[in-house]
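Okay, structure first, notes after.
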Amino acid sequence: MPSSKTRVFPIRCAGMDVGSNALRLAIAEFKSPDRYKILERKRVPVRLGESVFKTNRIAPETLDAALDAFRDFRRTMEEHGVVLHRAVATSATREAKNRAAFLERVHTETGIDLDLIPGTEEARLVALAVQSKVRLRGTSLILDVGGGSIELALVQRGQILLVESHNLGTVRLLEQLGGEAKAKGQLLRILRETVRTARFPLLESMRGHSVTQIIGTGGNIEALASLSSGDNGKDDSERKPVGLPLARLKKHLETLAMMTPEERAKKYGLRPDRADVIVPAGVIFEYVATRTRARQILVPFVGLVDGVLLDLARAADASGKKELEFSQTLNAARAIMRKYDTDPKHSRHVTELALSLFDQLKSVHGLGKRDRLLLEIAGLLHEVGNFISAAGHHRHAYYIISETPILGLTDEELHVVANVARYHRKAPPDASHECYAELPERARDRVRALSAMLRLADALDHDHRQRVTEVSAKTRDSELLLKARTRGDVTLDEWSVGEKGGDLFKEEFDLKPVLKTRV
């Protein structure tokens with residue numbers, strides 16, 4: 001892919017962290033891979049881990065709440081003109097037995113694809129975010145504490161040496177302790193004993209080696225650092241790193257552990273879903289800091305979602321904005337094709353033929369790169385209606401596509417794609433058809449031109465056997481001469497081009513397609 005730093009930036013990216021305790025969205029505008037400004041952050045307290053760590057499944061009401069959050073995230077991304085996005089899901093989603101249904105509903109209803117990442121990838125992204133705020137000298141240990149898991153990364157002179165992930169998150173700890181977690185007088189002792197029994201091979205391997213600094217990430221350590229510093233900046237990305245002394249952390253834990261979550265929330269202005277997990281998180285940080293003989297924990301106020309953003313920007317710098325934008329949108333379309341299409345070989349082949357016609361006939365249709373993308377998506381999805389019924393599958397295709405958001409397409413573009421797929425066969429576009437008539441005039445023109453090319457390409461593979469392997473197209477007077485390279489008998493395809501495939505093309509471009517074959 002071409003690389004052009006002057007063309008790629010500025011670029012707007014969105015990162016999403018689908019955690020065990022909450023869902024997070026961050027949108028940023030990057031001036032370069034390393035210079036960016038956060039435009040908006042959102043955090044929705046959907047606790048996926050609460051049901052997963054009890055039953056190994058995401059509860060129906062939790063799933064519905066998550067879908068509402070993703071719909072809001074999608075609207076927010078569209079409002080900000082986001083070009084690239086990535087949504088990563090961590091331990092709760094990874095462990096849910098119904099994760100496949102969850103991922104499918106999120107994609108189908110919002111157009112967002114969730115990327116299930118292992119703990120090692122989570123640690124890498126967190127380390128990337130930390131390195132954007134903190135100069136890592138000597139040997140550093142990064143500790144990220146989430147709702148379902150914790151990740152440790154040992155970094156030396158900016159290079160990650162070792163990564164470790166443990167199922168020891170705060171929500172998981174609360175679920176394991178059950179009613180004991182509410183016993184104020186015993187809470188701190190029980191938590192400390194529970195964490196102490198966990199094995200940390202990475203810490204064992206560090207015996208005899210000194211750690212220059214411990215860096216803590218996650219909402220809980222940020223809240224604990226804010227209690228000490230009294231600094232509640234406008235945005236975490238604008239806050240300078242804060243050092244939280246271990247002695248002060250211990251004092252906070254002694255105080256907080258003697259209060260109920262409701263009392264913590266009221267006295268310190270904590271959110272309810274933060275107030276109940278802040279003590280388990282603090283105990284984990286306390287234990288690791290004590291084991292490594294650290295005097296303080298450095299809190300940079302960055303997290304997983306920031307690492308996702310930085311990773312996206314670096315990819316954009318390497319590949320180019322438009323290429324990544326198109327690639328992401330096409331990947332979403334291919335996922336829909338895999339879900340609904342019973343004959344993907346045909347769809348892919350018809351798409352290749354349609355794009356070949358598009359590229360060769362630029363002087364005829366006068367369309368641009370964006371139109372080419374819409375044609376490619378319509379080609380990939382034109383057969384999805386067979387999932388419902390072969391009879392009238394072109395109309396079913398319109399329904400499926402128009403009701404399935406594809407991130408990267410506007411609503412108008414989505415309906416152009418749905419109409420192009422709808423008119424790949426049978427009746428041509430007509431003002432009496434509501435799905436076509438409701439489009440703006442320019443969009444109707446796009447539908448007619450793109451449908452004409454898709455119908456012709458579909459006719460060239462009428463029997464779904466891919467006998468026409470490639471085609472060259474030239475205009476001569478009132479004819480479009482199609483010279484096709486073939487394999488086997490193409491009688492049916494020749495008939496289809498003459499009887500079905502060329503009607504709309506002739507009407508739209510005043511050119512009659514004529515097929516000439518060569519083996």
Enumerate, atom names and distances included, each donor-acceptor pair closer than 3.5 Å involving a side-chain atom of residues 144-156, sequence neighbours excluded.
residue	atom	partner	partner atom	Å
Asp144	OD1	Thr217	OG1	2.6
Ser149	OG	Glu151	OE2	2.9
Glu151	OE2	Ser165	OG	2.7
Gln156	NE2	Thr139	OG1	3.1

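- A 4.5 Å side-chain heavy-atom check between Leu143 and Ile297 finds every atom pair outside the cut-off.
- Electrostatic pairing of Lys42 and Asp72 counts as a salt bridge here, judged by a charged N lying under 4.0 Å from a carboxylate O.
- With salt bridges taken as basic N to acidic carboxylate O contacts below 4.0 Å, none links Asp317 and Arg314.
- Tyr36 places none of its side-chain heavy atoms less than 4.5 Å from the side chain of Cys13.
- With salt bridges taken as basic N to acidic carboxylate O contacts below 4.0 Å, one links Arg192 and Glu286.
- Nearest heavy-atom pair across Ala333 and Leu381 is O-CD2, 3.3 Å.
- The CZ atom of Arg137 sits 9.5 Å away from the OG1 atom of Thr212 when rounded to the nearest 0.5 Å.
- Electrostatic pairing of Glu193 and Arg189 counts as a salt bridge here, judged by a charged N lying under 4.0 Å from a carboxylate O.
- Within a 6.0 Å sphere centred on CZ of Phe387, heavy atoms belonging to other residues, nucleotides or ligands number 12 at most.
- Look at Asp306 and Arg24 and you find no salt bridge, because none of the NZ, NE, NH1 or NH2 atoms lies under 4.0 Å from a carboxylate O.
- Under the 4.0 Å criterion applied to side-chain N and carboxylate O atoms, Arg94 and Glu121 are not assigned as salt-bridge partners.
- With salt bridges taken as basic N to acidic carboxylate O contacts below 4.0 Å, one links Glu95 and Arg172.
- Ion pairing between Arg75 and Glu78 fails under the 4.0 Å rule for side-chain N and carboxylate O.
- Electrostatic pairing of Glu383 and Lys345 does not count as a salt bridge here, judged by no charged N lying under 4.0 Å from a carboxylate O.
- Side chain of His382 to backbone of Gly379: a donor-acceptor contact under 3.5 angstrom is found.
- A donor-acceptor pair under 3.5 Å is formed between the side chain of Arg74 and the backbone N or O of Thr110.
- Across Arg264, Arg271, Arg47, a single residue satisfies salt bridge (charged side-chain N to carboxylate O under 4.0 Å, His left out) together with Asp276, and that is Arg47.
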